[in-house]
Amino acid sequence: MDFTYITNNEKIYDFLKENTQREVRLEETSLIADKWSDLIKDDPESRFVMVMYESKSISNENRAFLAREKALARYYSNATDLYDAEMDQYFVISSVEDYIESLKKQLPIIESNLKDADDSPFKIGYRLRCGNCGCIMGCDDKYCYFCGTPRGEGPFNIFPSGGVDILYGCPDLTKTTCPNCGKFWYRHTYSRDEDTYCTLCGTKGEIVKRRRCEIYEFPECETIEELDAWLDEKENKDSDA
């Protein structure tokens, strides 16, 4: 299997040049650039192994970019904490020298695993997550739907806490609009006071329509007009809406 190593760091570049027979290229930090889009479109069969030194926010953007462009790429980054099996702990990689030390063990494994591999290991199935609350974001969302944090910002240090809530009963279907740009969206919710935010401008939305759904009887609407009409049926609206 032919592939090319890409890195954004000169020290990692020197390390790769000394330790692999593969082609190695030194490129700019962020993949979010026209030249990368053009490269992938012009040569969609090329396979890349990215070995990047960067912040967690840039890593998040780059992975989302590669997934959205359907690039054939493996992605390795210092932004992913290093796991020590003997200590059973994750450690932050604090310097490029520490990262290179970990790559000394990782590189032979990468080369061995990809030697006879097909395209499957190069297909990134990545879900962009908010750096503040960890909720999944759409590839084109500029702001988090649940907390309003701009895409690519936040500590990117999201760990689950507590258990999983299981909700019973009938949810409300709501229509929410953005008072700033006019975007609107629909959602099912069990809460009367849970905010959502516009994914285009980050403004907190305002609920303009709400109706309680009957259990197991969600509206079967094929168009926005039909959904709005269902929400407007006054005789079936929830009595406390």
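Using a 4.5 Å cut-off on side-chain heavy atoms (C-beta onward), Trp185 and Thr199 make no contact. Using a 4.5 Å heavy-atom cutoff, the side chains of Asp172 and Arg211 are not in contact. The shortest distance between side-chain heavy atoms of Lys104 and Phe15 falls below 4.5 Å. In this structure the side chain of Tyr99 reaches within 4.5 angstrom of the side chain of Tyr76, judged on heavy atoms. Contact of the Ser46 side chain with the Thr4 side chain is not registered, since no non-hydrogen atoms from C-beta on lie closer than 4.5 Å. By the 4.5 Å heavy-atom criterion applied to side chains, Lys183 and Thr203 are not counted as neighbours. A 4.5 Å side-chain heavy-atom check between Ile110 and Tyr5 finds at least one atom pair inside the cut-off.
A single hydrophobic cluster is not seen to contain both Phe146 and Ile207; linkage of ILVMFWY side chains at heavy-atom distances under 4.5 Å, directly or through other members, places them apart.
Considering every non-hydrogen atom in both Pro121 and Arg74, the closest pair reads O-CD, 2.7 Å. Met137 and Arg129 make their closest contact through SD-C, 4.2 Å (heavy atoms, listed as atom of the first residue, atom of the second, distance). Taking every heavy atom of both residues into account, Cys201 and Cys178 meet most closely at SG-SG, 3.4 Å. In this structure, Glu54 and Ser59 approach most closely via the heavy-atom pair OE2-CB, 3.3 Å. Contact between Tyr53 and Ile12 at its shortest, heavy atoms only, is CB-CD1, 3.9 Å. Nearest approach of Ser102 to Ile93, heavy atoms of both residues: OG-CD1, 4.4 Å.
Going from atom SG of Cys130 over to atom CZ of Arg151 covers 11.5 Å, rounded to the nearest 0.5 Å. Atom-to-atom distance recorded for Glu18:CD and Leu107:CG is 11.5 Å, nearest 0.5 angstrom. In this structure, Ile6 CD1 and Arg25 CZ are separated by 4.5 Å, a value rounded to the nearest 0.5 Å. The distance from atom CG of Leu16 to atom CG of Leu103, rounded to the nearest 0.5 Å, is 7.0 Å. Remark: Met52 CE to Ile58 CD1 distance equals 9.5 Å, nearest 0.5 Å. Once rounded to the nearest 0.5 Å, the distance linking CD of Glu61 with NZ of Lys56 reads 15.5 Å.
Listed by first and then second residue, the salt bridge (charged side-chain N to carboxylate O under 4.0 Å, His left out) pairs involving residues 138-147 amount to none (not counting sequence neighbours).
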Check step by step if side chain to side chain donor-acceptor pair (under 3.5 Å) holds for Asp118 and Ser120. CA-CA 6 Å; Asp118 58 16; Ser120 298; 3.2 Å; yes
Please walk me through it: do Ile224 and Phe184 pass side chain to side chain contact (heavy atoms under 4.5 Å, CB included)? CA-CA 11 Å; Ile224 291 175; Phe184 62 88; 4.1 Å; yes
List the steps and the verdict of side chain to side chain contact (heavy atoms under 4.5 Å, CB included) for Glu153 and Asn132. CA-CA 7 Å; Glu153 295 186 11; Asn132 179 57; over 6 Å; no
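Here the side chain of Asn9 pairs a donor or acceptor atom with the backbone of Lys11 at under 3.5 angstrom.
In this structure, Phe3 and Phe122 have tilted ring planes: the angle between them lies in the 30° to 60° band.
Ion pairing of Arg47 with Asp2 is absent here, as no side-chain N (NZ or NE/NH1/NH2) approaches a carboxylate O to less than 4.0 Å.
Atom NZ of Lys204 has 12 or fewer neighbouring heavy atoms from other residues, nucleotides or ligands inside a 6.0 Å radius. Counting heavy-atom neighbours within 6.0 Å of Glu226 CD, excluding the residue itself, gives a total above 12.
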